[in-house]
Amino acid sequence: MDFGKILTIAISMIFINNFILSKFLGLCPFLGVSKESKSALSMGFAVIFVMTTSSIITWLIYNFVLLRFNIGYLRTVTFILVIATSVQFIEMVIRRYSPPLYRALGIYLPLITTNCAVLGVTILNTGMSFLYSIIQAFFAGVGFLLALILMSGIRERLELIDVPESLQGIPIAFVVASLMSLAFMGFNGLRF
Amino acid sequence: MDNLLTPILTLTGLGIIFGAGLALAAKKFCVVTDLRLEKIYAQLPGTNCGACGKPGCIGFAEGLIKGTCSIEGCVVAEEKVREMIAGVLGVEHKDKLKKVAVLHCNGGNKRAGDKFEYSGIRSCLSANLIAGGPKACIYGCIGYGDCQRVCLFGAITMNEEGLPVVDEYKCTACGKCVAVCPKKLFSLTSADKKYSVRCRSLDLGKKVMQVCSVGCIACRKCEKACPVEAIKMIDNLSVIDYNICDNRGECFRVCPTKSIARKEDKLWKMHL
C-alpha cells in the first residue's frame, strides 16, 4: 500500500478526471437529481456505494472468469449484467436488514443500476490491481458526489434569481454545467 | 468451435447463476408488508404535504394501520376517499366539516400604499426582513406570492391588486400558506362561515386610515351590532368567534370601512 499512490488516485478521480465534469459520464442523474441538495446527497452516497461494491464484483468476474476463458471482449455485456444483478441483490438485503438506509437510498439505488458512470469506472478498473481498483471506484464516487452537490447548490440559488423565461429550468442548468466543466478543466494542469 | 462455444456458455452460465441467485434472494430476503398498506396508499392524495404530521403519505398510511393516526388526520383527502379507507381498515367513519384558508387582509395595491420601493428578491419572506416589507401597513399582505408558490394544489392565485385569492374548490386546508406567510395573514376557517374580518392591523384607527382604506379601525360597531355577541374587539382588531357566529351578517352591514367581507352565496352554499 503506497500512500502517495492512493492520494494521486483520489485527486485524479475527484478533480482531474471527475466522472461528470471531465469524462461526461452519468449526466442523466447529474441533471435529474440535482434540484435539491438533500436528494443530491442521497444520490451521491448511493453512487459511491454502488460503484465500490460493483467494482469489487466486476474485478473478480473479469479476472477469474472472463480472462480465464479468453473472452475479455465480452466485458461490457457481462458488466452490465453483473452490476444490475448486484444492485438488485444489495437492494433486497438493505430492505430486509436496514429499513432507514433503504428509505434514504431506496429510490436512488435502482436508478443507478445501469448508469454509465458505474459501468465506466468498472471498465477503467479492469487493468489495475484489486485494492487500487476499489480505491479508485470509491473516489470516483466521491467525485460524482462533489459534482452533484456543487450543482444542486447552484441550482437552489438559481431558483431565487430572475432567469430569462426562455432559459428557466433545464436550459440554464446546461449553461451552469458547461461553466462548471470549464472550471474543472483547470485541474488538467495538475499532473504528477 | 471453441471460440464460439465458450462465450455463449460462459454468458449463459453467468445469466443462470445470477438469475437463480436473485430468485433465491428474493425468497430469502422478502419483506412482509401489510396488504392494506398498498391499498390505503393508493387512495391517499400522494402529494406528501405533511399536514398530517407524518413524513409523507406512506408514513400516514403506516400510522393508520398501526392505529397512531386517525382518518381525519389527512385534511386533503375527500370524504369519498375517507370512506373507502375506513372500509379497508374496517372502522366507522364520521363526516368532517371542510375547512378553507382565509386571507385576513384586503389591502391590495390600490387600497394600501407603499412606504418605500423594494427591488430585492421577489419573495415575501425576504421583503419582510427589510423594515417589515414595502407596504405602508406593516400588518398587511406584501403580495409577492410566497403562498401561491407553496400551495401544492394550485388553490392560490394572485389577483391584479397583488392579493392572493383562495380557490375554495381546490383548497384542502393543508395549512402550508398559514405557515409560510411572514405576516401570518392566513387562517383555516370552516367553509360554512360566510363572514370574515379581512384585516390584521393592531394599530389605532387613525393610523389605519392613513395607510389603508379598508382596514379595521376598531370602531366597535360590529361588536355592538352582533345579535349573538360573536365579535370581540381584541387589541384594536375585531375578531369573530366562529364557535358562536351563525352567519347573521350584521357586522358586514355596519362596518364603515368594509373590512368585514362576505362570501358569495354560490360559494357558500356549495359547502352546506
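Letters go in sequence order (proteins before strands), and every chain restarts at 1.
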Heavy atoms under 4.5 Å from chain B: which residues of residues 61-86 of chain A carry them? I61(A), V65(A), F69(A), I71(A), Y73(A), L74(A), V77(A), T78(A), L81(A), V82(A), T85(A)
For [X], I'd like to know if atom [atom1] has over 12 heavy atoms of other residues, nucleotides or ligands within 6.0 Å.
| X | atom1 | value |
| --- | --- | --- |
| E156(A) | CD | yes |
| M84(B) | CE | no |
| F116(B) | CZ | yes |
| E159(A) | CD | no |

Kindly give the heavy-atom pair with the smallest separation between K28(B) and R96(A), and that separation in Å. O-NH1, 3.0 Å
Region of I121(B) in contact with chain A, defined by heavy-atom distances below 4.5 Å: side chain
Using 0.5 Å steps for rounding, measure from the [atom1] atom of [X] to the [atom2] atom of [Y].
| X | Y | atom1 | atom2 | value |
| --- | --- | --- | --- | --- |
| F18(B) | F89(A) | CZ | CZ | 11.0 Å |
| L160(A) | R122(B) | CG | CZ | 13.5 Å |
| M92(A) | K27(B) | CE | NZ | 11.5 Å |

In terms of heavy-atom pairs under 4.5 Å with chain A, which of A25(B), G21(B), S123(B), S126(B) leads? A25(B)
Residue selection (most heavy-atom pairs with chain A, distance under 4.5 Å) from L9(B), T10(B), I58(B): T10(B)
